[in-house]
J.: 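Dropping a structure here in structure tokens format, bear with me for questions.
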Amino acid sequence: MIDVRRSGDRYRGGEPGTGIETFHAFSFGPHYDPDNLRFGAILACNEERLAPGAGFDEHPHSHTEIVTWVAEGELTHRDSTGHASVVRAGDVQHLSAAGGVRHVERNDAETPLVFVQMWLSPLTPGGDPAYEVVHGIADSTPYAVPAAGALLHVRRLGTNERTAIPDAPFAYVHVVRGEVHLGGEELRAGDAARITEAKNLEAVAAASDGAELLVWEMAGS
């Protein structure tokens, strides 16, 4: 089954007056929706847009696997365990909040920042926080989040290029840029598809400049 969620239907949040715009794909904060709490392991998929100088001051997380994909610009990150890094387009950032961690996320550059941040539920709560950045992840290299029983596939497609959607109990496809055809549906930038029991599905890039996709492959509960 394919459940398509459109970019325009995301909950709008953030603080536009301070240069922060957020688009939530799942129930989040004041945008509570009991029918949209999670899909597979995914608890949140937020598109964040930060103006130069804007950002999120230090705030806590716990019992969450946080994976961030930068689409444009540079994300400056610091956390309470001493990690500090600059995450750029093409990098995958993973913060395992475990038993608890605090962090800061800012746009300290002079250009706008756009990133997609996804929160996953761990199979087992607790433990010690951990942090990792994979710089310039290759298109053919999946990124494993074993704590959540999930794999992230990054797909950058040329015009009319195809990619298989993993056969899995749960698959989540987010279009970062471009346009794709998937199971008879057209998905554009910001659109997502929640796929249950995927079998022999393909995504085909349709736009003249190709497409970029984030594809989560997740085990069943």
Side-chain angles (χ1 to χ4, degrees), residues 20 22 24-26 28 38-50 54-109 111 113-156 163 166 168 170-177 192 212-219:
I20 301 173
T22 305
H24 300 287
F26 291 83
F28 199 99
R38 67 185 293 169
F39 178 76
I42 299 177
L43 304 172
C45 179
N46 302 331
E47 290 186 34
E48 305 284 1
R49 297 177 179 270
L50 304 186
F56 300 99
D57 293 332
E58 186 174 270
H59 57 281
H61 289 283
S62 62
H63 312 304
T64 312
E65 302 296 317
I66 302 170
V67 178
T68 303
W69 176 259
V70 174
E72 300 175 19
E74 298 181 352
L75 171 64
T76 298
H77 173 272
R78 298 187 302 276
D79 67 42
S80 56
T81 64
H83 296 107
S85 61
V86 176
V87 188
R88 298 179 173 86
D91 297 345
V92 171
Q93 179 197 59
H94 177 200
L95 173 63
S96 180
V101 69
R102 301 180 66 85
H103 73 158
V104 175
E105 298 164 294
R106 297 195 56 80
N107 179 8
D108 290 335
T111 56
L113 166 64
V114 180
F115 63 93
V116 181
Q117 188 168 93
M118 298 148 287
W119 299 5
L120 288 80
S121 176
L123 299 173
T124 303
D128 296 323
Y131 183 78
E132 180 180 39
V133 178
V134 177
H135 296 288
I137 192 166
D139 186 72
S140 58
T141 304
Y143 181 79
V145 185
L151 284 171
L152 174 63
H153 304 266
V154 178
R155 294 289 183 260
R156 306 173 184 94
T163 186
F170 298 102
Y172 186 86
V173 178
H174 176 85
V175 181
V176 178
R177 56 172 56 88
E212 182 174 284
L213 313 177
L214 302 176
V215 182
W216 282 102
E217 174 184 357
M218 295 172 283

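As the structure is a computational prediction, the values presented were derived from the model and not from experiment.
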J.: How long is the straight-line distance from CE of Met118 back to CG of Leu152, given to the nearest 0.5 Å?
T.: 5.5 Å
J.: Of the options Val67, Val87, Val70, which is the one that meets Gln93 in a side chain to side chain contact (heavy atoms under 4.5 Å, CB included)?
T.: Val87
J.: Taking C-beta and beyond as the side chain, do Val145 and Trp216 meet within less than 4.5 Å on heavy atoms?
T.: yes
J.: Of all the heavy-atom pairs spanning Ala148 and Ser121, show the shortest one and how long it is.
T.: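 Nearest pair, atom of Ala148 first, then Ser121: CB-O, 3.5 Å.
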J.: Taking His59 for its side chain and Asp57 for its backbone only, find out whether a donor-acceptor pair lies under 3.5 Å.
T.: yes
J.: Working to the nearest 0.5 angstrom, can you tell me the gap between Tyr172 OH and Leu120 CG?
T.: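 Interatomic distance, Tyr172 OH to Leu120 CG, rounded to 0.5 Å: 10.5 Å.
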J.: For the OG1 atom of Thr111 and the CG atom of Leu113, what is their distance to the nearest 0.5 Å?
T.: 8.0 Å
J.: Check the pair Glu74, Asp108 against side chain to side chain contact (heavy atoms under 4.5 Å, CB included), reporting the backbone distance first and the verdict last.
T.: CA-CA 8 Å; Glu74 298 181 352; Asp108 290 335; over 6 Å; no
J.: Kindly indicate whether the side chain of Glu47, heavy atoms from C-beta on, has any atom under 4.5 Å from the side chain of Val114.
T.: no
J.: Could you measure the distance from the NE2 atom of His24 to the SG atom of Cys45? Nearest 0.5 Å is fine.
T.: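 Going from the NE2 atom of His24 to the SG atom of Cys45 covers 11.0 Å.
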J.: Heavy atoms only: give me the nearest Ala97-Pro129 pair and the separation to one decimal.
T.: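 What the structure gives for the nearest pair is O-CG, 3.8 Å.
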J.: If you take all heavy atoms of Gly55 and Ile20, which pair is closest and at what distance?
T.: O-CD1, 3.3 Å
J.: Given 3.5 Å as the limit, does a donor-acceptor pair link the side chain of Asp79 with the main chain of Thr81, or not?
T.: yes
J.: Distance-only, no hydrogens or angles: does the Asp91 side chain make a donor-acceptor pair with backbone N or O of Gly136 under 3.5 Å?
T.: yes
J.: Short question: side chain of Asn107, backbone of Leu50 - any donor-acceptor pair under 3.5 Å?
T.: yes
J.: What is the minimum heavy-atom distance between Phe26 and Phe39, and which atoms define it?
T.: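 Scanning both residues completely, I find the closest heavy atoms to be CE2-N, 3.6 Å.
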J.: Is any side-chain heavy atom of Thr163 less than 4.5 Å from a side-chain heavy atom of Leu213?
T.: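 Yes; the side chains approach each other to less than 4.5 Å.
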J.: Looking only at atom types and distance, does a side-chain atom of Arg38 sit under 3.5 Å from a main-chain N or O of Gly40, one as donor and one as acceptor?
T.: yes
J.: Can you give me the closest heavy-atom contact between Pro125 and Pro122, atom names plus distance?
T.: CA-CG, 4.4 Å
J.: If you count every heavy atom of other residues, nucleotides or ligands that lies below 6.0 Å from Arg155 atom CZ, does the total exceed 12?
T.: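 Counting neighbours around CZ of Arg155, more than 12 heavy atoms of other residues, nucleotides or ligands fall under 6.0 Å, so yes.
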J.: May I ask you to check whether His103 and Tyr131 place their ring centres under 6.0 Å from each other?
T.: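 Between His103 and Tyr131, which both carry aromatic rings, the centre distance is not below 6.0 Å.
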J.: Determine whether the aromatic ring centres of residues His174 and Trp69 are separated by less than 6.0 angstrom.
T.: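 So the answer is no for these two rings.
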J.: Could you report the tightest heavy-atom contact between Ala71 and Arg177, atom names first, then the distance?
T.: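 Nearest heavy atoms, Ala71 then Arg177: O-NH2, 3.2 Å.
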J.: Could you measure the distance from the CH2 atom of Trp119 to the CG atom of Leu95? Nearest 0.5 Å is fine.
T.: 10.5 Å
J.: Quick check for you: to the nearest 0.5 Å, what is the distance between Phe115 atom CZ and His77 atom NE2?
T.: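 Result: 10.0 Å between the selected atoms.
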